[in-house]
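First the structure, then my questions, so here it is.
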Amino acid sequence: MLRATVGSVEERDEEQEDEGEEELRDGGVPFYVNRGGLPVDEETWERMWRHVARIHPIGEDLGKGIRGATDLPKIPIPSVPTYQPTTTIPQRLEAIQKYIRELQYNHTGTQFFEIKKSRPLTALMDIAKEMTREALPIKCLEAVILGIYLTNNMPGVERFPLSFKSHFSGNYFYHIVLGVHSGGRFGALGMSRREDLMFKPLEFRTLMDLVQEYEGAYRGYWHTLRKVKIGQYVSHDPHSVEQIEWKHSILDVDKLTKEELRKELERHTRDMRLKIGKPAPPSPTKDRRNSMGSPLRGPSSPLRRISRVERRPSGEKKVLEQKASGDMNGYQIRV
């Protein structure tokens, strides 16, 4: 789960989701992003512990207990999965998901790796390498970048971002997974607090089947799925200067009939297949790649979009939701 926002500021959500802010939202609770790279600087480190004290049920006692302990157990570092030539695609995807899960979900309230969606793919892959070296807990957007990195050497697997906007008790919640397609079947890799909102095995015949699987999971947590955003296939070239197309299709699920949603998802599937045959722009030279460096280490500003990606929204302009009844306003089921 990436973030949640109050319904009265829905128009601001889209900009925040794209560019990020110093204080974002996670299940109705603010969370921060470490923008100084690793190792974490002292200011960010102390801010993280102050935030933990505010959001955790036992407050400052938790931080004092951890920071003052001298016998904390050593945390094992997960190994990046390796495969035998005979390992099947579904088995490889399961191994990748196991690795992502072993990194654990980040409950600190501070996201350790800054993900700017406008960065070129090569810069995002630098961040993914950093994730494997540091082996820190991650959130859902970081898991998508890591999933792309770990499947780059699997040309038979196409990857695409699949994000969700749900509504519960007056708040909007955002989540994203990495959709995968191989052998005529769809699945997904990801990270979430909820087991059924992350990994999906490679067994769904259509994109509609995959989306409906997630919609059913949201219903199980009393969330209403409002919007689905689907990107294009991501290049397998780790040195590509392309930007990931995060929102090729934007579908207002609550305003579409089941048949209309099915047709939109079929159209998007065709659009993704058409991209496979299109040549990608050339990768930068070795010198240029070296000069770009890791976005976690350098102070330079991220690359910006030259133009906005064409979007295909469905339905009419959304009507803002009224807040839920008072007995539910103080309670949020975070996904």
Side-chain angles (χ1 to χ4, degrees), residues 1-5 7 9-20 24-26 115-119 121 124 139-145 147-148 158-168 171-181 186-192 197-198 200 204 206-218 223-234 242-256 258 260-272 275 305 307-318 321 335:
M1 211 287 306
L2 182 57
R3 64 185 72 101
T5 53
V9 293
E10 181 182 5
E11 293 88 348
R12 185 174 166 224
D13 293 350
E14 301 296 333
E15 180 180 352
Q16 173 177 299
E17 183 185 1
D18 284 342
E19 302 301 335
L24 303 178
R25 291 268 161 183
D26 183 5
I115 307 296
K116 284 287 188 179
K117 291 183 175 180
S118 55
R119 285 191 178 275
L121 184 60
L124 294 176
K139 298 172 77 68
C140 62
L141 183 57
E142 295 159 297
V144 167
I145 301 304
I148 292 172
E158 298 298 341
R159 300 79 45 81
F160 59 95
L162 176 61
S163 58
F164 306 95
K165 177 180 179 178
S166 64
H167 182 262
F168 175 78
N171 276 347
Y172 287 102
F173 294 73
Y174 295 87
H175 180 49
I176 187 168
V177 297
L178 181 66
V180 293
H181 181 255
F186 288 92
L189 300 169
M191 176 65 88
S192 173
L197 286 175
M198 38 200 269
K200 299 297 177 184
F204 297 89
T206 67
L207 191 52
M208 177 71 168
D209 294 338
L210 180 62
V211 169
Q212 285 187 314
E213 172 72 13
Y214 280 106
E215 186 175 18
Y218 273 110
H223 280 232
T224 301
L225 187 59
R226 296 300 193 195
K227 187 175 291 187
V228 174
K229 300 176 184 179
I230 319 166
Q232 277 280 23
Y233 284 157
V234 179
E242 285 185 276
Q243 293 175 338
I244 295 174
E245 190 172 350
W246 299 92
K247 305 174 186 178
H248 185 76
S249 296
I250 304 176
L251 307 178
D252 293 319
V253 177
D254 56 334
K255 293 188 177 297
L256 295 172
K258 185 175 180 179
E260 288 171 337
L261 179 61
R262 182 186 64 80
K263 288 182 178 179
E264 286 293 323
L265 292 172
E266 287 179 350
R267 173 197 57 76
H268 184 88
T269 302
R270 290 193 297 269
D271 288 350
M272 290 195 297
K275 186 184 178 183
R305 288 190 183 92
S307 61
R308 295 183 67 85
V309 175
E310 179 184 357
R311 300 181 180 179
R312 304 191 181 197
S314 60
E316 299 176 356
K317 184 178 179 181
K318 294 185 69 62
E321 314 259 345
V335 295

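Please read these numbers as outputs of a predicted model, since none were measured by experiment.
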Student check: side-chain heavy atoms of V177 and L197 closer than 4.5 Å
no
I250 vs V228 side-chain heavy atoms within contact, under 4.5 Å
no
Step by step, would you call Y172 with R226 a side chain to side chain contact (heavy atoms under 4.5 Å, CB included)?
CA-CA 9 Å; Y172 287 102; R226 296 300 193 195; 4.1 Å; yes
Once salt bridge (charged side-chain N to carboxylate O under 4.0 Å, His left out) is applied, do any residues pair with E260, and if so which ones, sequence neighbours excluded?
none
Decide yes or no on side chain to side chain contact (heavy atoms under 4.5 Å, CB included) for M208 and E266, but give the supporting numbers first.
CA-CA 8 Å; M208 177 71 168; E266 287 179 350; over 6 Å; no
Show your working on side chain to side chain contact (heavy atoms under 4.5 Å, CB included) between I148 and L178 and close with a plain yes or no.
CA-CA 8 Å; I148 292 172; L178 181 66; 3.7 Å; yes
For a ring pair (Phe, Tyr, Trp, His ring centres under 6.0 Å) check, start with the C-alpha distance between H248 and H268, then their side-chain angles and the critical distance, and finish with the verdict.
CA-CA 8 Å; H248 185 76; H268 184 88; 5.4 Å; yes
Non-hydrogen atoms of A188 and Y214 that approach each other most closely
CB-OH, 3.1 Å
Are L225 and D254 side-chain neighbours, meaning at least one heavy-atom pair lies under 4.5 Å?
no
Is the NZ or CZ atom of K165 both under 6.0 Å from the centre of the six-membered ring of Y174 and within 45° of that ring's axis?
no
Under the rule for ring-ring contact (aromatic ring centres under 6.0 Å, His included), what residues qualify as partners of Y233, not counting sequence neighbours?
none
By side chain to side chain donor-acceptor pair (under 3.5 Å), T224 pairs with (sequence neighbours left out) none
Is the distance from the ring center of H223 to that of F173 below 6.0 Å?
yes
What do the steps show when you test H181 against F160 for ring pair (Phe, Tyr, Trp, His ring centres under 6.0 Å), and what is the final call?
CA-CA 8 Å; H181 181 255; F160 59 95; 7.9 Å; no
As a quick check of understanding, evaluate side chain to side chain contact (heavy atoms under 4.5 Å, CB included) for V144 and W246, giving each step before the final call.
CA-CA 11 Å; V144 167; W246 299 92; 4.3 Å; yes
Can you label the angle between the F164 ring and the H175 ring as parallel, tilted or perpendicular, going by 30° and 60°?
parallel
Between R267 and D271, does at least one N-O distance fall below 4.0 Å, as a salt bridge requires?
yes
